[in-house]
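Notes to accompany the following structure.
Position 1 is the first residue of the sequence, and the numbers go up from there. Please read all numbers here as calculations on a predicted model, not as lab measurements.
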Amino acid sequence: MTIIKSKYRSLVLAVLVLVTGCATVPEDAGFSDVQEKLNQRGGYQARWHTGSAEDQAVEQQVSAMMQEGINVEKAVQIALLNNPRLQATYEDLGVAQANLVQAGLLSNPLLHGQVTFPRDEDITNFDFGVSLNFLRVFSIPLRKKLAGAEFDSAKLSVTAAVLDLAGEVREAFYRAQAAVQTKDMMEQVVESTGAALYAAQRLYEAGNITDLRLANQQALHQEARLLLATAEMAVQQARERLNVLMGFWGQDTQWRIAGKLPGLPQQPIDTSEIENRAVERSLDLEMARHRLVAIATRLGLDTNTRLVPELDLGYVLERDDGEYEDGISLGLQIPIFDVGQARLAAGRAEFRRAQQQYLAKAIEVRSAARMARESVKTAHAQTKHLEQVLLPLSQRIVDGTLLEYNAMQVGVFRLLQVQERQIELGRRYIDNLRDYWIARNQLDQMLNGRLRPGGIGMAADASAVSLSAAAGAGGH
């Protein structure tokens, strides 16, 4: 350590004191910025539980929303207020905010010293000093810019997590509504096949049908009961999925689904300029841009500090042979073996990789936007065809068969057969309507800035299995 005697040592001490000041971490941690973005992308209201008195008011709000049946909007809002995984994600803001504050601080000063006892002299020599990596003072702006980019990325990531949860809840709720309607439909099928079995047993007792025909009717009824049990299990699975998303357990799981799947909207959704709108709103691309800024900032930091990575400036006081001396100390790392070339090469490669990843994500967003648009159009067309063509046609067939049955032109088995087919068509309508709303939800998510994997969701329950094969086996 070199000691430099200078009349400026008092100034050095003052600088050391000033640059080691304290800083505090803001409590908000950028959550207000997250809420502002949510207001721009669907008006979702989120709440960060921080152990304050307001948390109890949130619990009361959730309880109030559960008093009557829960619809899709209530389910989304409850999840945003009550989901524990989302609450854990909010803590990422606190970490990023703390890192931003840390980036503006200097390293703690290093206090060093030594005491020596010469063997032939009755004198104690000592050397005490305090030093600081002074070069960090000049790199603080770049470090704060880097931490700021990472903080902005964390806020976008939290916003994305909120939107993802909202979309996931909507899809799960549509599936739950469809499962309930399918279960109701299967109950009608069981009732219908039960009536047919009763009629078959009476005819069999009268000797009007064979053992085979009775056995076929029994098999049809038992198959319907099995499918009803599967549909009931599908309802339970759908409810449990929503329980997880809404953060419910214990008595809270006794909530009730309000209403059925909404019908097709009268006005088609606007899908003009869908690709450009998706790219403009994409949070994934915005996060990728922040990543590019962060990498470029880190690259600039490495460039500026590669030749002089550390420069320690300090003050020392020593006594040697009874004489006191004080002065300024300098510690400089000499770049002989490592001049930062490897770090710079790695940084440039990382920047080029991030650029290509950004381009790849933009292509994915555009492709997903087109697929989401076509999925909505296809699901809408199929559901509309069922609603306006096949279902009315099926009703005409049932009405005509009923007239023929009243005129004793057809038997009860024929009437029950066309009724079962009408029920089966109704089940298909429920599935298609569910698929439309799932596709619509994914398109809305795309326009809110989130890229969701997968296409239109399909029925997840085995109750969707057609009864047509079993009906054919009934010999109607």
Check for a donor-acceptor pair, side chain of [X] on one end and backbone N or O of [Y] on the other, with a separation under 3.5 Å.
{"X": "Gln177", "Y": "Lys260", "value": "yes"}
{"X": "Thr271", "Y": "Ile274", "value": "no"}
{"X": "Gln87", "Y": "Arg47", "value": "yes"}
{"X": "Ser157", "Y": "Ser153", "value": "no"}
{"X": "Asn82", "Y": "Met246", "value": "yes"}
{"X": "Arg239", "Y": "Thr253", "value": "yes"}
{"X": "Asn441", "Y": "Gly167", "value": "yes"}

Atom [atom1] of [X] and atom [atom2] of [Y]: how far apart are they, to the nearest 0.5 Å?
{"X": "Gln382", "Y": "Leu433", "atom1": "CD", "atom2": "CG", "value": "12.0 Å"}
{"X": "Leu165", "Y": "Tyr44", "atom1": "CG", "atom2": "OH", "value": "10.0 Å"}
{"X": "Tyr436", "Y": "Leu443", "atom1": "OH", "atom2": "CG", "value": "8.5 Å"}
{"X": "Lys384", "Y": "Leu386", "atom1": "NZ", "atom2": "CG", "value": "13.0 Å"}
{"X": "Trp48", "Y": "Phe31", "atom1": "CH2", "atom2": "CZ", "value": "7.5 Å"}
{"X": "Asp284", "Y": "Gln357", "atom1": "CG", "atom2": "CD", "value": "12.5 Å"}

Heavy-atom closest pair, residues [X] and [Y]:
{"X": "Ile269", "Y": "Arg440", "result": "CD1-NE, 3.2 Å"}
{"X": "Ala172", "Y": "Leu245", "result": "CB-CD1, 3.8 Å"}
{"X": "Leu261", "Y": "Ala178", "result": "CD1-CB, 3.8 Å"}
{"X": "Ala231", "Y": "Met186", "result": "CB-CG, 4.1 Å"}
{"X": "Ile70", "Y": "Phe173", "result": "O-CZ, 3.0 Å"}
{"X": "Ala354", "Y": "Ile295", "result": "CB-CD1, 3.6 Å"}

For Arg281, I'd like to know if atom CZ has over 12 heavy atoms of other residues, nucleotides or ligands within 6.0 Å. yes

Hey, is CD on Glu273 packed in by over 12 heavy atoms from elsewhere, all under 6.0 Å? no

Check whether any side-chain heavy atom of [X] lies under 4.5 Å from a side-chain heavy atom of [Y], and answer yes or no.
{"X": "Phe151", "Y": "Asp33", "answer": "no"}
{"X": "Arg348", "Y": "Arg352", "answer": "yes"}
{"X": "Ile438", "Y": "Gln442", "answer": "yes"}
{"X": "Leu242", "Y": "Glu168", "answer": "no"}
{"X": "Glu374", "Y": "Arg370", "answer": "no"}
{"X": "Gln45", "Y": "Leu80", "answer": "no"}
{"X": "Leu285", "Y": "Arg289", "answer": "yes"}

Going through the distances and angles, do Asp444 and Arg170 end up as a salt bridge (Lys or Arg N to Asp or Glu O under 4.0 Å)? CA-CA 11 Å; Asp444 290 340; Arg170 287 183 183 277; over 6 Å; no

Could you go through the salt bridge (Lys or Arg N to Asp or Glu O under 4.0 Å) check for Lys37 and Glu286 one step at a time? CA-CA 12 Å; Lys37 277 193 171 293; Glu286 193 170 351; 3.5 Å; yes

With sequence neighbours excluded, what pairs up with Glu68 under the salt bridge (charged side-chain N to carboxylate O under 4.0 Å, His left out) test? none

Looking at [Y] and [X], is any side-chain nitrogen of the basic one under 4.0 Å from a carboxylate oxygen of the acidic one?
{"X": "Asp431", "Y": "Arg434", "answer": "yes"}
{"X": "Lys155", "Y": "Glu36", "answer": "no"}
{"X": "Arg427", "Y": "Glu424", "answer": "yes"}
{"X": "Glu232", "Y": "Lys183", "answer": "no"}

Check the pair Gln77 / Glu73 against side-chain contact (heavy atoms from CB on, under 4.5 Å), numbers first and verdict last. CA-CA 6 Å; Gln77 188 58 69; Glu73 298 301 333; over 6 Å; no

On the ring face of Trp437, is Arg175 found with NZ or CZ under 6.0 Å from the centre and within 45° of the axis? no

For Asn39 and Gln35, test the side chains for any donor-to-acceptor distance below 3.5 angstrom and give the result as yes or no. yes

Between Gln181 and Asp184, is there a side-chain donor-acceptor contact under 3.5 Å, judged purely by atom types and distance? no

Should Arg291 and Glu350 be marked as a salt bridge (Lys or Arg N to Asp or Glu O under 4.0 Å) after you check the CA-CA gap, both sets of side-chain angles, and the distance that decides it? CA-CA 10 Å; Arg291 175 170 170 76; Glu350 187 178 3; 3.5 Å; yes

Please walk me through it: do Leu163 and Leu38 pass side-chain contact (heavy atoms from CB on, under 4.5 Å)? CA-CA 8 Å; Leu163 294 175; Leu38 293 175; 4.1 Å; yes

Check the pair Trp255 / Ile78 against side-chain contact (heavy atoms from CB on, under 4.5 Å), numbers first and verdict last. CA-CA 12 Å; Trp255 53 276; Ile78 289 173; over 6 Å; no

Before you tell me yes or no, could you show the steps for Asn432 and Glu387 under side chain to side chain donor-acceptor pair (under 3.5 Å), namely the whole-Å CA-CA distance, both residues' side-chain angles and the distance that decides it to 0.1 Å? CA-CA 10 Å; Asn432 279 77; Glu387 183 180 68; over 6 Å; no

Show your reasoning for whether side-chain contact (heavy atoms from CB on, under 4.5 Å) applies to Arg428 and Leu391. CA-CA 10 Å; Arg428 287 178 56 192; Leu391 284 176; over 6 Å; no

